[in-house]
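Worksheet: the structure to be examined is printed underneath.
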Amino acid sequence: MRPATAEEAADILAAEEEQQRRAELAARRRRLFELCDDGEVPETVNLSGVVQVDFGAVRSPHQHWPDDELHVDEQARTAWFLRYNGADGDDWSRNNHGSFIARRMPLTEERAQLVADLRAEYASDEAPA
């Protein structure tokens, strides 16, 4: 057995770097969108003019519910985080958008930078048209 050459290790190292980048993005997303205390949960939700942002949600093979979603309206400087709330044990009376709790929050500079970083990271995952 011998140590791998740089060329032989390149794919593994690239995959490890990608995993680390995406873990850091996920931690930022949780802090800025999921665990934030600003924003509101309005009675009605209007998602016209918003664009969904891919954040690399990874569905477990045992998950039978939709992924959470992130939407932004950059012109209105607004972000929406939709958290699925339709599983057993969830309080469905809290839902304001189908089976989701939609929280509207300001699209701060820090959040806008995260959205740009998410788009740059996950653009390569999109299937070609």
Side-chain angles (χ1 to χ4, degrees):
M1 195 180 297
R2 65 173 173 75
T5 66
E7 185 177 295
E8 292 168 335
D11 289 344
I12 292 171
L13 294 174
E16 288 175 352
E17 288 174 15
E18 177 184 78
Q19 183 180 16
Q20 179 63 32
R21 269 193 328 272
R22 290 182 176 194
E24 290 170 3
L25 287 170
R28 284 173 56 201
R29 179 187 50 79
R30 280 190 296 279
R31 180 174 56 82
L32 294 173
F33 289 106
E34 290 182 46
L35 305 175
C36 64
D37 57 3
D38 65 338
E40 64 177 324
V41 179
E43 210 168 294
T44 59
V45 177
N46 181 357
L47 296 180
S48 61
V50 302
V51 176
Q52 188 168 353
V53 177
D54 181 7
F55 57 83
V58 179
R59 182 182 299 240
S60 157
H62 305 290
Q63 181 176 328
H64 302 290
W65 56 88
D67 294 322
D68 296 340
E69 298 177 6
L70 174 60
H71 300 262
V72 296
D73 183 341
E74 290 170 300
Q75 194 167 27
R77 304 295 299 161
T78 303
W80 290 88
F81 188 76
L82 281 62
R83 161 77 70 200
Y84 180 70
N85 190 54
D88 289 346
D90 286 343
D91 179 357
W92 299 353
S93 69
R94 297 184 59 217
N95 295 355
N96 61 346
H97 188 69
S99 294
F100 291 88
I101 299 173
R103 175 179 288 280
R104 179 177 54 209
M105 58 200 74
L107 186 60
T108 63
E109 288 303 317
E110 189 176 17
R111 286 180 176 137
Q113 183 60 57
L114 173 57
V115 166
D117 293 345
L118 288 168
R119 286 179 172 152
E121 179 65 32
Y122 291 102
S124 62
D125 290 354
E126 295 176 7

Counting only heavy atoms from other residues, nucleotides and ligands, does the tally under 6.0 Å from [atom1] of [X] exceed 12?
X: Glu40; atom1: CD; value: yes
X: Gln75; atom1: CD; value: no
X: Ile12; atom1: CD1; value: no

Next on the checklist: Working note: His71 + Arg104, criterion side chain to side chain contact (heavy atoms under 4.5 Å, CB included); need CA distance, chi angles, decisive distance, verdict.
Outcome noted: CA-CA 9 Å; His71 300 262; Arg104 179 177 54 209; over 6 Å; no
For [Y], does its backbone N or O pair with a side-chain atom of [X] as donor and acceptor, under 3.5 Å?
X: Asp90; Y: Trp92; answer: no
X: Asn95; Y: His97; answer: no
X: Asn96; Y: Pro42; answer: yes

List the atom of [X], the atom of [Y], and the distance in Å for their closest heavy-atom pair.
X: Glu8; Y: Arg2; answer: OE2-NH2, 2.8 Å
X: Arg103; Y: Cys36; answer: CD-SG, 4.0 Å
X: Ala112; Y: Leu107; answer: N-CD1, 3.8 Å
X: Gly49; Y: Asp73; answer: O-CG, 3.5 Å

Under a 4.5 Å cut-off applied to non-hydrogen side-chain atoms, are [X] and [Y] in contact?
X: Glu24; Y: Asp117; answer: no
X: Val45; Y: Leu82; answer: no
X: Glu121; Y: Glu18; answer: yes
X: Leu114; Y: Leu25; answer: yes
X: Val41; Y: Arg94; answer: no

Checklist entry - Is any NZ, NE, NH1 or NH2 atom of the basic residue among Arg111 and Glu74 found under 4.0 Å from an Asp or Glu carboxylate oxygen of the other? => result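 No, Arg111 and Glu74 are not salt-bridged.
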Checklist entry - Same hydrophobic cluster for Leu70 and Ile101, using side-chain heavy-atom links shorter than 4.5 Å among ILVMFWY? => result no
Checklist entry - What orientation do Phe81 and Phe55 show, parallel under 30°, tilted 30 to 60°, or perpendicular over 60°? => result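 Ring orientation, 0 to 90° scale: tilted.
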Next on the checklist: For the CH2 atom of Trp80 and the CD atom of Glu69, what is their distance to the nearest 0.5 Å?
Outcome noted: 12.5 Å
Next on the checklist: What verdict does the side chain to side chain contact (heavy atoms under 4.5 Å, CB included) test give for Phe33 and Asp68, after you've listed the backbone C-alpha separation in whole Å, the side-chain angles of each residue and the deciding distance to 0.1 Å?
Outcome noted: CA-CA 11 Å; Phe33 289 106; Asp68 296 340; over 6 Å; no
